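Please read the structure below before turning to the comments.
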Amino acid sequence: MTKTLDQVPGFAIDIFQDTKLFRSSIDSVLLANWVYLKPQDQLVDLCSGCGIIGLSLAQKFQVTTTLLEIQEALANLAQESINYNHLEDKVKLINSNINHTLDYLDHDSVDVITCNPPYFSTKSHSKLGQSSSQNIARHELYFSQKLLGQVAQSLLKDNGSLYLVYRPDRLLELSQVLQAYHLPIKELLFIRPHQNDLANLVLIKCRKTRRINGLKVWPELVLYQADGTYTQQLVDFING
């Protein structure tokens with residue numbers, strides 16, 4: 001095990017990670033920097049991994065936060081980060097399968113849910129690697145779009161928000177599933193690595209409502225210049 005302590009861009013917080021486990025990357029950073037919360041909000045971060053999204057938001061907005069992560073090793077790292085950043089009074093950690101979320105949290109009790117879910121469906125299991133931690137985080141072994149919809153619909157208050165980062169190639173599939181659970185997509189922001197690349201990520205905001213009309217698509221975000229440095233657009237997004 002090689003543990004590192006990493007500062008989260010855009011936040012005054014440090015997160016413990018492990019080189020032998022699934023490590024959070026730019027997608028989690030982008031999602032955390034996109035979310036807005038009010039001080040009285042109740043936040044739940046599903047598939048929380050090492051806690052980068054939930055802890056960053058808890059620190060920035062001083063909201064009561066619950067992390068839910070299935071992998072014990074990642075949950076242990078998240079708890080270390082909670083303690084290191086002195087967020088014990090704000091953040092609670094649940095080490096459990098998303099199937100059991102409602103054993104710990106009440107129906108219609110949450111204002112905002114964040115989630116950086118596994119991107120790859122069961123059909124892509126032939127691409128599984130040697131790392132169990134990576135496989136669980138990247139593939140729908142213990143997760144599905146339907147399960148996300150069920151849990152988010154149950155937890156969120158009416159007009160509560162669900163924020164996600166996902167892959168554009170599964171966006172239509174995800175949209176159909178979430179709409180079936182009265183979680184229509186309300187905002188989209190497509191992400192391109194470089195100026196001439198196709199989008200490979202999309203930030204998504206859904207709302208718990210039966211009204212499906214109204215979709216805002218933000219100007220796309222380009223991450224890197226040709227030399228690999230951050231674009232000014234990304235710097236402004238992180239520091240905004």
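Only this structure's heavy atoms are used, side chains among them; waters, hydrogens and symmetry mates stay out. Nothing here was measured: the structure is a model prediction, and the numbers come from that model.
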Inset, instruction - State the SG-CG distance between C206 and L162, to the nearest 0.5 angstrom. - result: 5.0 Å
Legend entry - With F11 via ring pair (Phe, Tyr, Trp, His ring centres under 6.0 Å) - residues at least two apart: none
Inset, instruction - Decide yes or no for N99 and L147: does some side-chain heavy atom of the first lie under 4.5 Å from some side-chain heavy atom of the second? - result: yes
Inset, instruction - Might you point out which heavy atoms bring N95 and I70 nearest each other, and give the distance in Å? - result: ND2-O, 3.1 Å
Legend entry - Over all atoms of both residues, closest heavy-atom pair of G149 and L183: O-CD1, 3.8 Å
Inset, instruction - May I ask you to say whether R167 pairs ionically with D27, meaning some side-chain N is under 4.0 Å from a carboxylate O? - result: no
Legend entry - P184 backbone acceptor or donor facing Q179 side chain under 3.5 Å: no
Inset, instruction - Examine distances only and state if a side-chain atom of Q225 and a backbone atom of Y230 form a donor-acceptor pair shorter than 3.5 Å. - result: yes
Legend entry - Within 6.0 angstrom of D103 CG, more than 12 heavy atoms from elsewhere: yes
Legend entry - Sole residue of V202, L174, N116 in side chain to side chain contact (heavy atoms under 4.5 Å, CB included) with L164: L174
Inset, instruction - Mind running side chain to side chain contact (heavy atoms under 4.5 Å, CB included) on K3 and L77 for me, showing each step along the way? - result: CA-CA 9 Å; K3 188 163 60 175; L77 284 175; 3.7 Å; yes
Legend entry - Any H107 side-chain heavy atom under 4.5 Å of L102 side chain: yes
Legend entry - Flag, side chain of K208 to backbone of Q153, donor-acceptor distance under 3.5 Å: yes
Inset, instruction - Specify whether Y36 and F61 have parallel, tilted or perpendicular ring planes, treating 30° as the upper limit for parallel and 60° as the lower limit for perpendicular. - result: perpendicular
Inset, instruction - Step through the shown structure and confirm whether more than 12 heavy atoms of other residues, nucleotides or ligands are within 6.0 Å of CG on D89. - result: no
Legend entry - Euclidean distance, L105 CG relative to L68 CG, rounded to 0.5 Å: 7.5 Å
Legend entry - Y104: partners by ring pair (Phe, Tyr, Trp, His ring centres under 6.0 Å), with sequence neighbours left out: none
Inset, instruction - Please tell me if the side chains of Q62 and P39 come closer than 4.5 Å, counting only heavy atoms from C-beta onward. - result: no
Inset, instruction - Could you give me the CA-CA distance, side-chain angles and deciding distance for E88 and I82, then say whether side chain to side chain contact (heavy atoms under 4.5 Å, CB included) is met? - result: CA-CA 6 Å; E88 299 93 331; I82 293 169; 4.3 Å; yes
Legend entry - Gap separating the CG atom of L31 from the OH atom of Y163, nearest 0.5 angstrom: 9.5 Å
Atom pairs and distances, donor-acceptor, side-chain atoms in residues 154-161, under 3.5 Å, two or more places apart:
residue : atom : partner : partner atom : Å
S154    : OG   : Q150    : O            : 2.9
K157    : NZ   : D111    : OD1          : 3.2

Legend entry - Residues forming a ring pair (Phe, Tyr, Trp, His ring centres under 6.0 Å) with F190, sequence neighbours excluded: none
Inset, instruction - Taking D18 for its side chain and T4 for its backbone only, find out whether a donor-acceptor pair lies under 3.5 Å. - result: no
Inset, instruction - Check whether any side-chain heavy atom of D106 sits under 4.5 Å from a side-chain heavy atom of D108, and report yes or no. - result: no
Inset, instruction - Specify the closest pair of heavy atoms between L37 and V35, including all atoms of both residues, with the distance to one decimal. - result: CG-CG1, 4.0 Å
Legend entry - Over all atoms of both residues, closest heavy-atom pair of L203 and L30: CD1-O, 4.0 Å
Legend entry - Test side-chain hydrogen bond (donor to acceptor under 3.5 Å, both in side chains) applied to D197 - qualifying residues, sequence neighbours left out: H194
Legend entry - Nearest heavy-atom neighbours spanning P117 and V165: CD-O, 3.4 Å
Inset, instruction - Spell out, as yes or no, whether a donor-acceptor pair under 3.5 Å connects the side chain of T65 to the backbone of L43. - result: no
Legend entry - Close side-chain approach of C50 to F16, heavy-atom, < 4.5 Å: no
For residues 212-223, dump all side-chain donor-acceptor pairs below 3.5 Å to protein atoms at least two apart in sequence or in another chain.
residue : atom : partner : partner atom : Å
W218    : NE1  : E187    : OE1          : 2.8
E220    : OE1  : R192    : NE           : 3.4
E220    : OE2  : R192    : NE           : 3.1
E220    : OE2  : R192    : NH2          : 2.3

Legend entry - Value rounded to 0.5 Å, distance of OG in S56 from CD1 in I13: 5.0 Å
Inset, instruction - Of all the heavy-atom pairs spanning L67 and G54, show the shortest one and how long it is. - result: CD2-CA, 3.7 Å
Legend entry - Stepwise side chain to side chain donor-acceptor pair (under 3.5 Å) check, E80 with N76: CA-CA 6 Å; E80 282 193 70; N76 289 339; over 6 Å; no
Legend entry - From CG (N33) to CG (D236), nearest 0.5 Å: 12.0 Å
Inset, instruction - Taking atom CD of Q232 as the centre, report whether more than 12 heavy atoms of other residues, nucleotides or ligands fall under 6.0 Å from it. - result: yes
Inset, instruction - Report yes if the side chains of I204 and L171 come closer than 4.5 Å at any heavy-atom pair, otherwise no. - result: yes
Legend entry - Nearest-0.5 Å distance that lies between atom SG in C47 and atom CG in L148: 7.5 Å
